[in-house]
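In the text below, chain A, chain B and the rest are named by the order of the sequence lines, each starting its count at 1.
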There are 2 protein chains.
Amino acid sequence: MVTIADVARHAGVAASTVSYVLSGKRAISTDTRERVQRSVRALGYRPNASARALASQRSNVLALVIPLRTDMHVPVMMQFAAAIVTTARRYDHDVLLLTADEGPEGLERVAQSSLVDALVVMDIELHDQRVPVLRELPMPSVLIGYPDDADGLTCIDLDFVAAGARCVDHLADLGHRSLALLGTPTTVYERQTAFAQRTLTGFEEAAERRGVLGVETPCEHTFDAVLHTVQRLLDNHPDITGLVVQNEPIIGPLLDVLRRLGRRVPEDMSLVAICADDVAERQVPRLSSVTIPAERIGGQAVESLISKLEGADVAALTLLPAALTARESSCQAPHRDLTTA
Amino acid sequence: MVTIADVARHAGVAASTVSYVLSGKRAISTDTRERVQRSVRALGYRPNASARALASQRSNVLALVIPLRTDMHVPVMMQFAAAIVTTARRYDHDVLLLTADEGPEGLERVAQSSLVDALVVMDIELHDQRVPVLRELPMPSVLIGYPDDADGLTCIDLDFVAAGARCVDHLADLGHRSLALLGTPTTVYERQTAFAQRTLTGFEEAAERRGVLGVETPCEHTFDAVLHTVQRLLDNHPDITGLVVQNEPIIGPLLDVLRRLGRRVPEDMSLVAICADDVAERQVPRLSSVTIPAERIGGQAVESLISKLEGADVAALTLLPAALTARESSCQAPHRDLTTA
DNA sequence: TTGAAAGCGCTAACAC
DNA sequence: GTGTTAGCGCTTTCAA
């Protein structure tokens with residue numbers, strides 16, 4: 001292994017000079033700098049990460065806490081992870097992967113052992129056990145998600161309340177009077193996962209405000225679950241003409257089920273999804289949707305963290321606006337036969 | 001920050017004694033051990049990861065190189081990642097997440113800076129640029145995937161040649177004479193991704209051996225792509241009655257397309273997928289499939305790596321057998337009208 | 001503009 | 001069974 005001392009000897013300078021050339025933290029004469037750089041290349045020197053971290057009190061590693069549960073095995077998680085790793089690398093940081101089931105102790109472990117400099121935490125619940133822990137940790141963190149008590153924490157997320165409301169408004173504007181939210185699996189609500197709960201809130205409030213019926217139901221990922229859920233929904237509420245879907249894996253099956261039940265999309269049933277744009281666009285018909293800007297959220301989470309590491313202040317809460325793109329799956333509500341009313 | 005010296009002082013012993021209590025690397029009297037453990041708890045001591053890594057030459061971190069490309073944004077990757085992280089934690093290791101597009105330099109970077117002790121590399125290509133690099137790296141690695149020149153490397157994967165062949169055999173046994181492999185997107189083949197190429201090989205060899213027609217076609221992830229690919233396939237080869245699918249995201253759309261084209265599954269068209277079991281089981285009809293044992297592969301990859309770190313020899317190549325589970329999507333080939341032959 | 005030297009917090013060889 | 005001590009490879013203060 002090549003050490004900084006080897007480079008120093010080769011270049012005929014002190015080890016500290018090599019260090020300063022590499023870090024740029026003090027002025028170096030052009031001659032010395034070039035000599036050192038040549039030696040670095042000649043010897044193939046790579047600074048030892050542990051030594052550097054020990055001396056500088058900075059590991060240049062961020063923790064990423066991600067849910068690896070089955071009810072969350074969805075492509076959008078990969079998009080978040082990709083954005084976070086890519087952005088971290090741009091700021092010369094690496095990413096340590098933690099699963100959510102390590103729990104609060106996992107956060108304490110990596111933070112208090114100085115394995116990482118900062119944390120990105122996903123899959124936030126409204127009353128998240130990790131929130132008080134994060135608050136006490138001696139290092140910055142960013143939550144992707146918005147818990148109930150976010151005091152003293154930095155949160156970034158899509159404004160899911162607005163997302164739920166935006167879907168209702170879109171459908172209500174088209175004349176739909178009875179809507180349903182087809183949500184995530186039950187376990188996600190039971191955990192009080194923030195994005196799901198907030199969407200519910202937005203959906204309810206908007207339905208109330210617009211004076212339309214708003215029914216909510218969770219839905220598991222199997223085809224049969226989709227079939228039965230939709231059947232029950234339409235049996236109990238035959239007037240429903242508008243569906244809001246927040247459940248990526250069931251989108252394909254759902255379209256299929258509606259076809260089987262003889263409901264044309266959008267003529268008989270309008271659909272709006274909350275999902276990644278590419279998912280919405282590769283369906284037939286292409287879905288009207290509120291996009292989940294995973295890249296932007298992930299990228300901004302890392303940038304906030306880097307800013308905090310540099311001592312800057314960052315916004316406590318960033319809720320990205322929920323933009324709806326109307327595509328082919330939603331249209332004017334079917335004409336209601338007023339004589340039967 | 002609480003250091004080992006603080007604990008030593010509190011317990012009235014030398015720092016090295018604390019270290020030995022923690023590591024168990026030498027005998028300690030019960031009395032001393034308990035006193036030290038009490039001090040550790042009382043002070044909330046956590047060993048500093050960098051200091052430990054620097055002194056012991058072990059970071060206790062594994063690198064995981066995973067593809068975060070769009071053509072790979074599939075749940076099975078999450079399953080691999082989950083298994084790898086979970087198993088690593090069981091052996092007291094953490095996982096550093098690298099994206100495949102860091103390339104060979106990324107591997108050198110984390111290895112030569114001693115950021116990690118060992119590497120798990122996924123998404124292997126037949127002629128993978130990283131293979132020669134891994135061979136020269138001063139630390140163990142395990143490939144999930146099987147490149148052409150695997151000399152001196154440790155590889156673990158499903159036996160995809162056998163998987164492709166197993167699907168053909170299953171369908172041929174049922175009397176099907178014309179088969180097609182509906183594969184991954186073109187880019188995956190262009191990169192010569194190992195699992196896709198080897199499946200192709202197995203499919204071809206088995207078709208040849210069984211004397212049946214075996215047509216192959218890539219397929220993108222959009223609904224339209226599936227529709228056009230299948231249409232073209234059936235136009236060019238109207239005799240095809242058996243389909244092998246190796247493309248998780250299109251499974252739903254494919255079933256839909258076949259229905260639209262008036263082909264009942266399995267009566268008119270038998271289907272066998274190469275995918276995770278849960279995906280196969282949540283379709284209607286439930287799919288006959290060769291499972292991708294992501295948990296087992298990921299778990300075993302980490303265990304091999306841990307063994308190697310401990311100096312043990314491990315098998316150079318582990319190909320897990322391809323087991324086919326017959327479900328509802330495959331059956332006897334439809335009766336052929338011999339008069340038209 | 002550069003060098004010397006003191007740590008950073010831990011492990012492990014050596015000594016008793 | 002336990003303590004002493006010399007590093008691990010780097011950063012950064014202090015001094016020149």
Side-chain angles (χ1 to χ4, degrees), chain A residues 1-37 39-40 43-61 92 109-117 138, chain B residues 1-37 39-40 43-61 92 109-117 138-139 309:
Chain A
M1 166 179 247
V2 183
T3 73
I4 202 171
D6 298 326
V7 176
R9 205 172 307 115
H10 186 273
V13 298
S16 58
T17 300
V18 176
S19 176
Y20 284 121
V21 167
L22 260 34
S23 70
K25 287 190 181 172
R26 82 174 176 194
I28 300 281
S29 72
T30 313
D31 175 52
T32 307
R33 181 177 29 256
E34 283 173 358
R35 205 142 31 85
V36 169
Q37 284 167 343
S39 299
V40 164
L43 302 181
Y45 168 68
R46 298 261 191 186
N48 179 295
S50 312
R52 183 171 259 189
L54 180 58
S56 68
Q57 315 272 41
R58 276 292 178 80
S59 66
N60 273 33
V61 175
D92 196 31
R109 183 176 63 81
V110 297
Q112 292 174 0
S113 66
S114 297
L115 232 189
V116 304
D117 295 334
Chain B
M1 166 181 247
V2 182
T3 73
I4 201 172
D6 298 326
V7 177
R9 206 171 308 118
H10 187 272
V13 299
S16 59
T17 300
V18 176
S19 175
Y20 285 120
V21 168
L22 260 33
S23 70
K25 287 191 182 171
R26 81 175 177 193
I28 300 281
S29 72
T30 312
D31 175 53
T32 307
R33 179 173 34 254
E34 283 173 358
R35 204 142 33 86
V36 168
Q37 285 166 341
S39 298
V40 164
L43 303 180
Y45 169 68
R46 297 263 190 183
N48 179 295
S50 313
R52 180 172 263 188
L54 180 58
S56 68
Q57 315 273 45
R58 278 292 178 80
S59 67
N60 272 35
V61 175
D92 196 31
R109 183 176 64 82
V110 296
Q112 293 175 1
S113 65
S114 296
L115 231 189
V116 303
D117 295 333
M139 60 181 59
L309 282 170

Problem set entry | Nearest heavy atoms of B:Leu115 and B:Val61, plus distance in Å | O-CB, 3.8 Å
Problem set entry | CA sep, side-chain torsions, deciding dist, call: B:Ile4, B:Tyr45, side-chain contact (heavy atoms from CB on, under 4.5 Å) | CA-CA 8 Å; B:Ile4 201 172; B:Tyr45 169 68; 3.6 Å; yes
Exercise. Is the shortest side-chain N/O distance from A:Ser50 to OP1 or OP2 of D:dG9 below 4.0 Å?
Worked result: no
Problem set entry | Distance in angstrom units between B:Arg35 CZ and D:dT2 C1', rounded | 11 Å
Seminar exercise, completed: B:Leu115 atom CG is separated from D:dG9 atom P, nearest whole Å, by 15 Å
Exercise. Between B:Ser29 and B:Thr32, is any side-chain donor less than 3.5 angstrom from a side-chain acceptor?
Worked result: yes
Exercise. Please give, in whole Å, the distance from C:dG3 C1' to A:Ile4 CD1?
Worked result: 13 Å
For this session: State whether A:Lys25 places a side-chain N or O below 4.0 Å from either non-bridging phosphate oxygen (OP1 or OP2) of D:dT11.
Result: no
Seminar exercise, completed: When rounded to whole Å, the CD to C1' distance for the pair B:Glu34 and D:dG1 reads 15 Å
For this session: Let me know the distance between CG of A:Leu54 and P of D:dC10, rounded to the nearest Å.
Result: 12 Å
Exercise. Does a nitrogen or oxygen in the side chain of B:Thr17 sit under 4.0 Å from OP1 or OP2 of D:dG3?
Worked result: yes
Exercise. Is any side-chain N or O of A:Ser16 under 3.5 Å from a base N or O of C:dA4, one able to act as donor and the other as acceptor?
Worked result: yes
For this session: Provide, to the nearest angstrom, the distance between the CG atom belonging to B:Asn48 and the P atom belonging to C:dG9.
Result: 7 Å
Problem set entry | Side chain proximity check, B:Val2 to B:Arg46, heavy atoms < 4.5 angstrom | no
Exercise. Tell me: CG of B:Asn60 to P of C:dC10, nearest whole Å?
Worked result: 15 Å
For this session: Assign each of A:Ala55 and B:Ala27 to its nearest nucleotide of DNA chain D by heavy atoms, then name whichever residue's nucleotide is nearer the 5' end.
Result: B:Ala27
Exercise. In whole angstroms, how far is the C1' atom of C:dG9 from the CD atom of B:Gln57?
Worked result: 15 Å
Exercise. Which part of the nucleic acid, if any, lies within reach of A:Ser23 when heavy atoms closer than 4.0 Å are counted: base, sugar-phosphate only, or nothing?
Worked result: nothing
For this session: Decide yes or no for B:Asn48 and A:Ser113: does some side-chain heavy atom of the first lie under 4.5 Å from some side-chain heavy atom of the second?
Result: no
For this session: Would you classify A:Ser19 as touching base, sugar-phosphate or nothing, given that sugar-phosphate means primed atoms plus P, OP1 and OP2, and contacts are heavy atoms under 4.0 Å?
Result: base
Problem set entry | Name of the residue among A:Thr3, A:Leu22, A:Val18 meeting side-chain contact (heavy atoms from CB on, under 4.5 Å) with A:Pro47 | A:Leu22
For this session: Would you check if A:Ser50 and B:Gln57 make a side-chain contact, meaning some heavy-atom pair closer than 4.5 Å?
Result: no
Mind listing the N/O atom pairs, protein and nucleotides 14-16 of chain C, below 3.5 Å?
unit_1, atom_1, unit_2, atom_2, d
C:dC14, N4, B:Arg26, NH1, 3.4

